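Bear in mind the structure is a predicted one, so any value in this text is a computation, not a measurement.
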Protein chains: 2
Amino acid sequence: MSAALADPPPALLPVAEHSIPARRVIFRQRDMHDVVPFICHGWAAAAVTLSDGSRQILSFLIPGDIVSSSLLFGPAAHCMVEAITEVHYRCFRREDLKSMLLTDPDLFDKISRLWIDGKLRAYDLAVDLGRRTADERIARLILGLKERLTSRGLAQGETMDFPLRQHHVADATGLTAVHVSKVLSEFRRRGLIEINDRCLTILKPVEFQRIATMR
Amino acid sequence: MSAALADPPPALLPVAEHSIPARRVIFRQRDMHDVVPFICHGWAAAAVTLSDGSRQILSFLIPGDIVSSSLLFGPAAHCMVEAITEVHYRCFRREDLKSMLLTDPDLFDKISRLWIDGKLRAYDLAVDLGRRTADERIARLILGLKERLTSRGLAQGETMDFPLRQHHVADATGLTAVHVSKVLSEFRRRGLIEINDRCLTILKPVEFQRIATMR
DNA sequence: CGCAGTTTTGATTTCTGTCAACGTCTGTGG
DNA sequence: CCACAGACGTTGACAGAAATCAAAACTGCG
């Protein structure tokens, strides 16, 4: 189960709410903020862009996620965030959160959990990118998303929303969109998964899981 | 400059000091601890091992590093730590650190800095593994280590201790030891670096830097 | 000395990227 | 309602990067 601040502390009032259309950048790598934004609706991606234009997506953000958890501690976001679908998010003042943090040990634990989870996911990503094949990476991405969605009550059994384009999958797995297309086609051909209408269903959970955990 | 707790808070006394010989595991992925260990001498590696035996090194630990920064918040280390050289480290009680954390805002900032740095390095690693070639990854690993050593006064100009075996470099960069050997040979042949006696010197800093930042 | 761990080198294979062409879908404006 | 443009997805031929395999030399050490 992944930690999330699905219910922000009731004493805390958002200072702003925003709505952003799909494919729009929410904020850039060098931006500074004194607010901490939480996603309440839609999907986004946190990414880094290299000077040759290639991108690495570090994490997909779904409802309940902090947009950039380093904003909890300082004004630097450190990565670019882009809306995938239409996104609604709410901002809280960092100063408010910080002072609550020091007085409310419960909130402190919640935030620590959030941080540790984020770091573990960053490490998992590194392991995937460093040591796994294209098939494994893609299967693991899908299963990881499904697990996170499930833990927030946002999945329906083996079916889940899947608004990602193949280039998102490519940018997240360190592959090219062309290769992602080939791997997904092969998954479909083998009857492992099905993608219709921006929804993904895992048809053979056991076999699919095996691909993700080959090593 | 990378954050480090080179000088632990003076009021805090280590509850234990240890010395571990080279190549010995300091602790395992599933171990639980109520102490937070800091390296005071030697190099170690934090790694994850997959079931087929392949490993991904997530970070090299040098003097001043917390052995596993997730230990600040909970008893789970989440990865294996192995000594590369002989290592000396000191342990502090998590409970002591935690209660100081809530009273001493200065320490709080220091620790936040440490966390953010750790996470940024995890993200950098993911970007390197996902989007860069073997040459770039190896050059960046070397330069990253040099920078961290320099910021702690542990490097001598363009020369630094380099106790890593080629398999360490391979495990950290997602490559094989064979390929690392070929790339390092090529670097040497081009007169970019020199490795003698477990010491590495960057002979052409500008050119070497360029390899690391090609994209 | 002998042994285990390391490094080097070359031949070959596998995986993934690149390039290019084409088909589909979606939303927009006439 | 249709035409069109841009984004997206698919496919095949080919190229390139790194892995794998194998053998041999080197290193440090009990």
Side-chain angles (χ1 to χ4, degrees), chain A residues 21-25 45 50 52-56 82-86 128-139 141 162-190 193-200 211 214-215, chain B residues 21-25 45 50 52-56 82-86 128-139 141 162-190 193-200 211 214-215:
Chain A
R23 300 155 92 278
R24 185 77 52 85
V25 170
L50 303 186
D52 71 342
S54 63
R55 301 186 346 148
Q56 178 64 49
E82 201 175 294
I84 293 171
T85 64
E86 186 189 48
D128 288 351
L129 295 175
R131 291 293 167 206
R132 299 190 198 267
T133 65
D135 290 12
E136 294 174 278
R137 292 186 214 174
I138 294 175
L141 174 65
F162 197 77
L164 306 185
R165 305 291 161 163
Q166 294 188 352
H167 77 261
H168 291 120
V169 176
D171 288 347
T173 52
L175 302 167
T176 58
V178 173
H179 198 62
V180 168
S181 168
K182 287 169 183 169
V183 171
L184 286 178
S185 297
E186 178 64 13
F187 284 169
R188 270 187 306 239
R189 197 195 57 71
R190 291 209 260 158
I193 61 171
E194 184 180 76
I195 305 181
N196 291 316
D197 239 4
R198 309 282 143 210
C199 273
L200 187 152
I211 290 177
M214 291 235 99
R215 62 186 83 195
Chain B
R23 300 156 91 278
R24 185 77 52 83
V25 170
L50 303 186
D52 73 342
S54 63
R55 300 184 351 146
Q56 178 64 48
E82 200 175 294
I84 292 171
T85 63
E86 187 189 49
D128 288 351
L129 295 174
R131 290 293 167 204
R132 298 190 199 265
T133 64
D135 290 12
E136 294 174 278
R137 291 185 215 174
I138 293 175
L141 173 65
F162 197 77
L164 306 184
R165 305 288 160 166
Q166 294 187 354
H167 75 81
H168 290 121
V169 176
D171 288 348
T173 52
L175 302 167
T176 59
V178 172
H179 197 63
V180 168
S181 168
K182 287 170 183 170
V183 172
L184 286 179
S185 297
E186 179 64 13
F187 284 169
R188 270 186 306 239
R189 197 195 57 70
R190 292 210 261 158
I193 61 171
E194 184 180 77
I195 305 181
N196 290 316
D197 237 4
R198 309 282 144 211
C199 274
L200 187 152
I211 289 178
M214 292 236 100
R215 64 185 85 194

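Rounded to whole Å, atom P of D:dG9 lies 10 Å from atom CG of A:L164. Remark: P of D:dT20 and NE2 of B:H167 are 17 Å apart, rounded to the nearest angstrom. As a whole-Å value, the separation of B:E82 CD from C:dG5 P is 13 Å. When the C1' atom of D:dC26 is taken as reference, atom CZ of B:R198 falls 12 Å away, rounded to whole Å. The CD1-P distance, from A:I195 to D:dC8, rounds to 15 Å in whole Å. Atom pair A:I84:CD1 and D:dC8:P shows a separation of 11 Å (rounding to whole Å applied). Between A:N196 atom CG and D:dG9 atom P there is a gap of 14 Å when expressed in whole angstrom units. Per the geometry, CG belonging to A:D171 stands 11 Å off P belonging to D:dC8, to the nearest Å.
The minimum heavy-atom distance linking A:L164 with A:R198 is given by the pair O-NH1, 3.8 Å.
In this structure, the side chain of A:S181 does not engage the main chain of A:A177 through any donor-acceptor pair within 3.5 Å. Side-chain atoms of B:R131 come within 3.5 Å of backbone atoms of A:L175 as a donor-acceptor pair (strictly under, hydrogens ignored). Judged by distance alone, with hydrogens and angles left aside, the side-chain atoms of A:E194 form no donor-acceptor pair with the main-chain N or O of A:L200 at under 3.5 Å. Under the 3.5 Å distance criterion, the side-chain polar atoms of B:R24 are left unmatched by any main-chain donor or acceptor of B:A83. Of the possible donor and acceptor atoms, one in the side chain of B:R137 sits under 3.5 Å from a partner among the backbone N and O of B:T173.
When the side-chain nitrogen and oxygen atoms of A:Q166 are compared with OP1 and OP2 of D:dT10, one or more of them lie within a distance under 4.0 Å. Considering only side-chain N and O atoms, A:S181 lies nowhere under 4.0 angstrom from the phosphate OP1 or OP2 of D:dC8. Phosphate contact (OP1/OP2 of C:dG27, side-chain N/O of A:R23, threshold under 4.0 Å): absent.
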- Message: Generate the contact string for nucleotides 15-22 of chain C. Rules: B means base contact, S means sugar-phosphate contact only, - means no protein heavy atom under 4.0 Å.
- Response: -SSBB---
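Overall, the helix from C:dC1-D:dG30 to C:dG30-D:dC1 carries an axis bend of 40° between its ends, with five pairs at each end and the value rounded to 10°.
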- Might you work through the side-chain contact (heavy atoms from CB on, under 4.5 Å) test for A:T133 and A:R215, ending with a clear yes or no? CA-CA 10 Å; A:T133 65; A:R215 62 186 83 195; 3.5 Å; yes
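By the 4.0 Å N-to-carboxylate-O rule, A:E186 lies close enough to A:R190 to be salt-bridged with it.
The A:R165 side chain lies nearest to D:dC8 when the options are C:dT7, D:dC8, D:dT11.
In summary, the side chains of B:S54 and B:D52 do present a donor paired with an acceptor at a separation below 3.5 Å, with no hydrogens or angles considered.
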